Amino acid sequence: MSPHIPSSQVGIVVTKTLTLILGSLITYYSYRAYARTKAPELRALTWGFGIMTFGAILAGLIDIGVSAYLGHNLLPVSVFAQSVLTTIAFAIILYSLYVE
Amino acid sequence: MVRDPFADDDSPALEDVLDALDDEDCRAIVSALDEPMTASEISDESGVPLSTTYRKLEQLTEASLLYEGVELRPDGQHASRYAIGFEDVVISLDEERAFEVDISRRPRTPDERLENLWSEVRKET
């Protein structure tokens, strides 16, 4: 790897970290609301936000951790992994609006 | 019957339901509610004076006939909005011939659910 780190890569790390922090907070508050009300829709909402947040962690791990370990650029893989999790998360959040 | 997890799990007391339905102002309020409204809108629409409306809304909410949602406004002045919370009220006798009241709830629309989900999450912040 070259010693020069592209600024876009720095930007990805910064925004992923922010996504992680903000997503964790939303997930936490959703979970607290679920724990208080025991409402199944709030449980689904918590899972939705949780999975979306987890996608950011996973993408970061693949992009930085695994890429560095294997010496390959795995950015497309990490983007794909996060897209899959975001799609699942949106499906669960939509489901939370219909769950009994 | 659609169970509403945001409403009280216990069925309302028979007396509360009968008292609310026996009340002319309460019935006028229920009839006026074609969409979720604030107390002052309900008062205008039903012709029940505002101070009475507040009292009757509490009575109807207590009886689980209305549900109260919070309207989130950008200026932070949140107003409660009330909507019809039932489709049928069934009064029946159980095995011991005691009166039972069962309220079947109106299924809520996804946008009402979204509003309620977020008002529940907001309570945690």
Side-chain angles (χ1 to χ4, degrees), chain A residues 12-61 81-100, chain B residues 1-13 35-36 58 60-74 76 78-90 101-125:
Chain A
I12 290 173
V13 171
V14 170
T15 50
K16 285 269 184 286
T17 307
L18 281 174
T19 305
L20 180 58
I21 294 168
L22 300 175
S24 300
L25 276 172
I26 298 177
T27 308
Y28 171 68
Y29 287 130
S30 304
Y31 174 74
R32 284 241 310 243
Y34 163 65
R36 176 168 48 80
T37 61
K38 299 284 175 219
E41 48 261 68
L42 284 169
R43 183 174 53 204
L45 193 69
T46 305
W47 274 107
F49 285 125
I51 289 173
M52 210 183 297
T53 307
F54 177 70
I57 305 174
L58 189 69
L61 284 178
Q82 189 170 9
S83 298
V84 170
L85 288 178
T86 302
T87 306
I88 293 171
F90 276 138
I92 295 174
I93 291 171
L94 186 64
Y95 166 78
S96 78
L97 297 178
Y98 290 93
V99 66
E100 184 188 308
Chain B
M1 181 174 142
V2 177
R3 203 179 70 84
D4 183 353
F6 288 105
D8 291 339
D9 273 340
D10 315 322
S11 287
E35 56 178 5
E58 197 173 323
L60 285 161
T61 311
E62 188 78 11
S64 305
L65 297 174
L66 297 188
Y67 78 86
E68 185 179 351
V70 177
E71 184 179 13
L72 304 176
R73 291 184 182 164
H78 306 317
S80 286
R81 274 198 308 177
Y82 298 84
I84 306 280
F86 73 103
E87 246 168 12
D88 299 302
V89 174
V90 177
V101 60
D102 195 12
I103 290 181
S104 74
R105 308 200 183 279
R106 187 179 64 87
R108 288 173 307 145
T109 60
D111 59 310
E112 287 168 346
R113 284 160 179 264
L114 191 63
E115 183 183 312
N116 281 332
L117 283 181
W118 277 108
S119 68
E120 290 298 324
V121 174
R122 277 179 58 100
K123 286 181 192 166
E124 296 299 332
T125 60

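Here is how names work: the chains are called A, B, and so on, in the same order as the sequence lines, proteins then strands, and each is numbered from 1. The shown structure was predicted, so the numbers you read here are calculated from the model rather than taken from an experiment.
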Quick one: what part of S96(A) sits under 4.5 Å from any heavy atom of chain B, side chain, backbone, both or neither? both
Kindly indicate whether the side chain of R36(A), heavy atoms from C-beta on, has any atom under 4.5 Å from the side chain of K123(B). yes
OG1 of T125(B) to CG of L25(A): how many Å apart, nearest 0.5 Å? 10.5 Å
Distance check, rounded to the nearest 0.5 Å: L114(B) atom CG versus E41(A) atom CD? 11.0 Å
Minimum side-chain heavy-atom gap I26(A)-V121(B) below 4.5 Å: no
Can you give me the closest heavy-atom contact between A33(A) and E120(B), atom names plus distance? CB-O, 3.6 Å
Answer yes or no: does atom CD of E58(B) have more than 12 heavy-atom neighbours from other residues, nucleotides or ligands under 6.0 Å? no
Per side chain to side chain contact (heavy atoms under 4.5 Å, CB included), E124(B) is matched among Y29(A), Y28(A), Y31(A), Y34(A) by Y29(A)
